[in-house]
Undergrad: 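Before we start, here is the structure in question, set down as structure tokens.
Chain letters run A, B, ... following the sequence lines, proteins first and then strands; every chain starts at 1. Because the structure is predicted, anything quoted here is derived from the model rather than measured.
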Amino acid sequence: MGHDPWAELRERAEAVRTAIEARLGVRTHADLVEAPEDKGLFSLAVFPYAKELRKAPPAIAAEAALVPAPEPFAGLQAVGGYVNLTAEPAAFAAHVLGSVASLGEAYGSSPAQPMRILLEHTSTNPTGPLHVGRARNPILADALGRLLKMAGYPVTREYLVNDVGRQMVVQYWGTRHLTPAQVGPPDVDKADYRFIKYYQKATEIFEHDAAAKADVAEMIRRFELGDVALTKDVRKVAEEVLSGILASLARLGVAFDSFYWESDSILDGRVQEVIERLMPLSHEEGGSHYLDLSSFGLEGDAAKYFFVRADGTSLYTTRDIAYHLDKMRRCDVAINVLGEDQKLTFDRLKAAFRLMGIEWAPETVFYAFVSLPEGKMSTRRGVVVNLDDLLDEAVARAGEEVAKRRPDLSEGRKREIAEFVGVGAVRYNIARVQAEKRIVFRWEEALNFEGNSAPFLQYAHARACSILDRAGPRTTGDPRLLVHPQEQLLLRRIARFPSVVRDAALGRRVHAVAGYAADLAAQFNQFYRDCPVLNAGSEGLRGARVELVDASRVVLRNALDGLGLVAPREM
RNA sequence: GGACCCGUCGCCUAGCACGGAUAGGGCUCCGGAUUUCUAAUCCGGCUGUCGUGGGUUCGAAUCCCACCGGGUCCGCCA
């Protein structure tokens, strides 16, 4: 029994299609599609054959329906201009549950693939706390990483730490010249909140203090000319802030396998190597150098890719190239998850690679921004919702719900449930939307606990666990008894899971799994309503339903896990 | 100005790369369901010019063209 029952069914259905086309004697090819649920598993629209056969589609469908169909199909039905391939319910149930049983807890995952994937995401500048606008990056990317792993690919999740540049130096200058009293108390006693106060105060001071401004300008100059001690000191500040950011991400369930520090690439000479390599390809303008990318579909300023200033110092573009050359050595496929504001930047990077004669290029997944009803989030204008605030609020709200629903539980247990419900609600609400669609952040939507939400999925999982707890030791059931319409609909969803995961991973479409999971949970709830498990009519049916609930539990758990959500035993 | 992205019930959203059967969900609102496995559930009802106009096709939310509205970018910043 294979790992992917749906793919196997589709393969058999494709063979039926081939047989139909042979019987009709057509050269025209028609596509097999998944059928509407009340019409079978797959269906074939015969309209494309009509022209070649010069016959009416219903007549063609009737002729096509005479072709025999293999197990577990029941046969072909002609309906108008369509031929539908229906499943024989008992055989279908046995087929699906057999597949699940063969993989057990790992059902949904595909065989290991050799292609190494390096997934870079978040990589937000280590100057302060993460806000909700940026939080879409880790939520989306972490789920993508989980789904890729489930689809069989070895994935390394990497954070590019930009501990280089003027912004970092300004912040460092603040920590050296300003006192905690001057910058004021942070909103939260956490490194990312503490250090951003220095950055904010420093930029404020430069507006009216010319001496201070000159001082930091001098520091930036020293930094850019390669002052090693200064570079290392600045990095220490970045490390502190990063620890705060990582703590927030950890609460979301997001972790990294590696970190790439930009300062390292400068100190160990990798950036200098890139400059030397680009020089022969470059044009010079006032002592600085750039690549001309105008033959790659770029126009105007966008076509001038400056990589070294007149004083010989590097630009972020140079370090970007150094970074991606390094990445290229460490993986087969590099995926970067980025805000849509980075689109042109990456077009330029890819063009630069081609100019260098490099065939390889990183792949990009872009997402649109999360904005507030009043407009764009802006740290400078103070119009932001920090990720930590959102999580705190979500968990507090979840806590109220738990207190209402489960007064029987201990305080500690209630807190645990509130945590995964609140955090899950936030993750799900962002993961469920197509990346390229912009999201307007509204509290009432982000904290939705019913309908299409994480708690809805988690609840279905807890329900399944509860039934299994009460069911006691497993008895052998007969899967061929699972012919109730709700059972068949549930089995159909379970069957599709491995394909859904693979398609989502390969298409980099995380939201597809969110939609699938919600659909699965809804169907499980309908099955729950119509099909008693513990009090099923016979031992054989009871055993089979217990097995179906267990299969549902595995799929719900793995779907939740793929989205980075906790699958609770109770809530 | 140019490039790229988005535009589907009152609100949010799926479907669009591979065109097919009455365009699925969720929220809101109204009305129901609990001697049975967790009611964060389920059922019923209301709600749609798929931005607009053309084109291709037996068939268009889906493909093509134009336009409208919104977003993002076009630094020797990162």
Undergrad: When all nucleic acid strands are considered with a 4.0 Å heavy-atom cut-off, which category describes A/R438: base, sugar-phosphate, or nothing?
TA: sugar-phosphate
Undergrad: Take atom P in B/A60 and the same atom in B/A33, then report the distance between them in whole Å.
TA: 45 Å
Undergrad: Is A/R569 touching bases, backbone alone, or none of the nucleic acid, heavy atoms closer than 4.0 Å?
TA: base
Undergrad: What is the distance, rounded to the nearest whole Å, between atom CD1 of A/I220 and atom C1' of B/A78?
TA: 12 Å
Undergrad: So what does A/L344 hit on the nucleic acid, given a heavy-atom distance under 4.0 Å: a base, only sugar-phosphate, or nothing?
TA: sugar-phosphate
Undergrad: Under a 3.5 Å threshold, yes or no: a donor from one side chain and an acceptor from the other, between A/T364 and A/N336?
TA: no
Undergrad: Between A/K437 and B/G7, is there a contact of a side-chain N or O with OP1 or OP2 at under 4.0 Å?
TA: yes
Undergrad: Expressed as a whole number of Å, how far does the C1' atom of B/C18 sit from that of B/A78?
TA: 40 Å
Undergrad: So, A/T86 and A/Q77: side-chain donor and acceptor under 3.5 Å apart, yes or no?
TA: yes
Undergrad: Among all residues two or more places apart in sequence or in another chain, which pass the side-chain contact (heavy atoms from CB on, under 4.5 Å) test with A/C531?
TA: A/H484, A/Q486, A/E487, A/F527, A/R545
Undergrad: Would you call A/D503 and A/R509 a salt bridge, using N to O less than 4.0 angstrom?
TA: no
Undergrad: Pairs under 3.5 angstrom, nitrogen or oxygen only, protein versus nucleotides 41-43 of chain B, please.
TA:
unit_1: B/U41; atom_1: OP1; unit_2: A/G451; atom_2: N; d: 3.3
unit_1: B/U41; atom_1: O3'; unit_2: A/N525; atom_2: ND2; d: 3.2
unit_1: B/U41; atom_1: O2'; unit_2: A/R463; atom_2: NH1; d: 3.0
unit_1: B/C42; atom_1: O3'; unit_2: A/R529; atom_2: NH1; d: 3.0
unit_1: B/C42; atom_1: O2'; unit_2: A/R529; atom_2: NH1; d: 2.6

Undergrad: With under 30° as parallel and over 60° as perpendicular, where do the rings of A/Y367 and A/F369 fit, or are they tilted in between?
TA: perpendicular
Undergrad: Check the orientation of A/F306 and A/Y290. Use parallel for under 30°, tilted for 30 to 60°, and perpendicular for over 60°.
TA: tilted
Undergrad: Once the angle between the rings of A/Y260 and A/Y323 is folded into 0 to 90°, is it parallel (under 30°), tilted (30 to 60°) or perpendicular (over 60°)?
TA: tilted
Undergrad: Identify whether any heavy atom of A/R470 sits under 4.0 Å from a base atom; if not, whether one sits that close to sugar-phosphate; answer base, sugar-phosphate or nothing.
TA: sugar-phosphate
Undergrad: Pairs under 3.5 angstrom only: tabulate donor-acceptor contacts from the side chains of residues 37-52 of chain A to other protein residues two or more places apart or in another chain.
TA:
unit_1: A/E37; atom_1: OE1; unit_2: A/R493; atom_2: NH2; d: 3.3
unit_1: A/E37; atom_1: OE2; unit_2: A/R493; atom_2: NH1; d: 3.1
unit_1: A/E37; atom_1: OE2; unit_2: A/R493; atom_2: NH2; d: 2.9
unit_1: A/Y49; atom_1: OH; unit_2: A/E21; atom_2: OE2; d: 2.5
unit_1: A/E52; atom_1: OE1; unit_2: A/R27; atom_2: N; d: 3.2
unit_1: A/E52; atom_1: OE1; unit_2: A/T28; atom_2: N; d: 3.0
unit_1: A/E52; atom_1: OE1; unit_2: A/T28; atom_2: OG1; d: 2.3
unit_1: A/E52; atom_1: OE2; unit_2: A/R27; atom_2: N; d: 3.0

Undergrad: Can we say A/D347 and A/K350 salt-bridge, meaning some charged N sits less than 4.0 Å from an Asp/Glu carboxylate O?
TA: no
Undergrad: Looking at every strand, decide which applies to A/E570 at a 4.0 Å heavy-atom threshold: base, sugar-phosphate, or nothing.
TA: base
Undergrad: Between protein and nucleotides 21-23 of chain B, what N or O pairs are separated by less than 3.5 Å?
TA:
unit_1: B/A21; atom_1: O4'; unit_2: A/Y82; atom_2: OH; d: 3.2
unit_1: B/A21; atom_1: N6; unit_2: A/S43; atom_2: OG; d: 2.8
unit_1: B/A21; atom_1: N6; unit_2: A/N84; atom_2: OD1; d: 2.7
unit_1: B/A21; atom_1: N1; unit_2: A/N84; atom_2: OD1; d: 3.2
unit_1: B/A21; atom_1: N1; unit_2: A/N84; atom_2: ND2; d: 3.3

Undergrad: For the pair A/E570 and A/R413, find out whether any cationic side-chain nitrogen is under 4.0 Å from an anionic carboxylate oxygen.
TA: yes
Undergrad: Do any N or O atoms of the protein come closer than 3.5 Å to N or O atoms of nucleotides 58-64 of chain B, and which pairs are they?
TA:
none

Undergrad: Could you write out RNA chain B as a dot-bracket string, with dots for unpaired bases, | for bases paired across to another strand, and Watson-Crick or G-U pairs counted at under 3.5 Å?
TA: (((((((..((((......[...)))).(((((.......))))).....(((((..]....))))))))))))....
Undergrad: If each of A/A45 and A/K304 is mapped to the nucleotide of RNA chain B with the nearest heavy atom, which maps nearer the 5' terminus, i.e. the 5' end?
TA: A/A45
Undergrad: How do A/Q434 and A/I467 order along RNA chain B: which one's closest nucleotide is nearer the 5' end?
TA: A/Q434
